[in-house]
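Read through the structure below, which is laid out as structure tokens, and then see the notes.
What you see is a predicted model, and the numbers here were worked out from it, not measured in a lab.
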Amino acid sequence: MASNDQKMFRATIIINTRAQCFPAVALTFLLAFADALIGASALSDIKSCSLSTQVCNSLAALNLDGELSFSKIANASRDFGNIHHTFPAAVLYPDSVKDIATVVQFVYASSSNLTIAAKGAGHSIYGQSQARDGIVIEMSSLKGIEVFPGAFGEASYVDARGGELWIDLITATMKLGFAPRSFTDYLHLSVGGTLSNAGVSGQAFRYGPQISNVFQLEVVTGKGEIVSCSPIENADLFFAVLGGLGQFGIITQARIVLEPSPYRVRWIRTLYSDFSKFTEDQENLISQPLIQSFDYIEGSVVVKAEDCCNSCKLETNATTGSSSPITISPVLYCLEVTKNYFEHESNTVERKISSMLAPLRHLPSMISVQDTTYLSFLDRVHESELRLWEQGLWSAPHPWLNLFIPKSRIEDFDAWTFKQQLRGGINGPMLIYPLHKMKWDPRMSVATPQEDIFYLVGLLRYASPLVHISIETLQHENNVTLKYCDSNRITYKQYLPNYSTHGEWIQHFGEFWPRFVDRKLKYDPKAILSPGQRIFSRPKTIYDMSKQAVN
């Protein structure tokens, strides 16, 4: 099992000795020396393997294009949450889809208890991309983007490997004048990672989440099969994997819908003091015909002046030019919208936006308007990330809590959670904006509330080293929020879910739990994939798996 550097070392010897006309016996000696060094390096790597000698040797003997390492594993034990740190036994750095299939096939055929987790950008919160004493696949090694601009009415799309980041994907497509229709607020995430969850942001009211904008997938199942699937071909696997939390297969390639890329973006923020007006305006905006609607709609809760500066940036009134600071009432709400436009619309966009803003009931003087490029707007969170890295805060623990709250209970949630429990802030953004259930295909695996409109609530807290609050305290606050919802029968669903008991997972999927189990038995019957989600544990037999799923 030689790494790429070791293979290159051997090839360099061959090239150089031939160029210098060395005798064949000299070349043979040098190659034997190189192989000895490579063998010693591989042996040293194997010695660090925490598995049985037989399993380690068998893994080391696999014919791979990339590298399977037993020593370069530290990075695979961490994620963005920085709360759980679980070391795998090995890490696969694939150069091909075949590498992934080969490793999964080996684990599926073996009698070991090995599990496998696919890790994209590692942006999970509670160790979902980790595999204790198992194998982590570093999907960032699997790269490839190919853009197909549609012609004569044909659909435009991009084929992207599962390890590609959305920022690189959109950079490639915009060079040809196209862009995906739906994003997450943070673009430095992997394609396979967000499609395994849902991929939600302010465009989701319009086009649905990212999982609603996929034509086709290539998937490696828990049996090691490489399967192409779409709404027509192998449709059950296609819908299972989208939002499936990595339980049914590893997304190795996705064909994603494209549209013409806008020229620029008009970015507007307004403030509300009345929650009912804030939510009613949001719901009206997401219900407008697409041609008359904004292109991005999100909201956030403001409880401190610094929150306003960070999220709404309304410290200067763009209309009047006043630079006086804002005095924050106990709780305010920030509405954030954008209107995309093309170059030929530059002279008319202002009038359109004024007409669209006219019915809104925000605080009259509290409005900020900014004009920027489309890519700058989409990648705006990265600018904040760079600042947080400088302050040593990006790598701080992030005990986030993301919920889908049904529309009928959002005022109850606000009255207790925002106006009472969290009125002092959470040391991070608090997002709140509505989504349309009709934009979510029920055949997909992601769980959503039953109502036609539900709200995404994101409590994006982090444990700053400047504020001495323990992770346990922050997690306790999350649990208090969940306990309130449970006690008051608010039928929420966790987004990017994190549960500790089997019963909680059954409740999470509700009526779709039997379908979830059937798909697991069909595509990953030995429960090899995605152990960090803690939904299923590795069974000894398929019968045990079936029994575990029912109970």
List the atom pairs, donor and acceptor, that lie under 3.5 Å between side-chain atoms in residues 352-360 and the rest of the protein, sequence neighbours left out.
unit_1, atom_1, unit_2, atom_2, d
Ser354, OG, Glu350, O, 3.0

Please determine if Arg387 forms a cation-pi arrangement with Trp389, meaning its NZ or CZ atom is less than 6.0 Å from the six-membered ring centre and no more than 45° off the ring axis.
no
Establish, from distance only, whether the side-chain atoms of [X] and [Y] form a donor-acceptor pair under 3.5 Å.
X      : Y      : answer
Glu504 : Thr501 : yes
Tyr333 : Asp414 : yes
Gln210 : Thr184 : no
Tyr523 : Asp236 : yes
Gln370 : Thr372 : no

May I ask you to decide whether Lys407 forms a salt bridge with Glu283, counting only side-chain N to carboxylate O separations under 4.0 Å?
yes
When you check the gap from the basic side-chain N to the acidic O, do Asp274 and Arg361 get nearer than 4.0 Å?
no
Least distance between heavy atoms, [X] atom then [Y] atom:
X      : Y      : result
Phe516 : Gly244 : CZ-O, 4.3 Å
Leu435 : Phe404 : CD1-CE2, 4.1 Å
Pro497 : Tyr499 : CB-CE1, 3.7 Å
Trp416 : Thr481 : CZ3-CA, 4.4 Å

Classify the ring geometry between Phe536 and Trp513 as parallel (under 30°), tilted (30 to 60°) or perpendicular (over 60°).
parallel
Residue pairs involving residues 187-215 (criterion ring pair (Phe, Tyr, Trp, His ring centres under 6.0 Å); sequence neighbours excluded)
Tyr186-His188, His188-His382
More than 12 heavy atoms of other residues, nucleotides or ligands under 6.0 Å from CG of Asn479: is that the case?
yes
CD (Gln128) and CG (Asn197) are apart, to the nearest 0.5 Å, by 8.0 Å
Atom pair CG (Asn340) and OH (Tyr296), whose distance is rounded to the nearest 0.5 Å
11.5 Å
Could I get the full list of side chain to side chain contact (heavy atoms under 4.5 Å, CB included) partners for Ser129, not counting sequence neighbours?
Asp79, Lys119, Ser124
Kindly state each residue pair satisfying salt bridge (charged side-chain N to carboxylate O under 4.0 Å, His left out) with at least one member in [range], sequence neighbours excluded.
range            : result
residues 184-197 : Asp185-Arg380
residues 474-493 : Arg461-Glu477
residues 210-222 : Arg161-Glu218

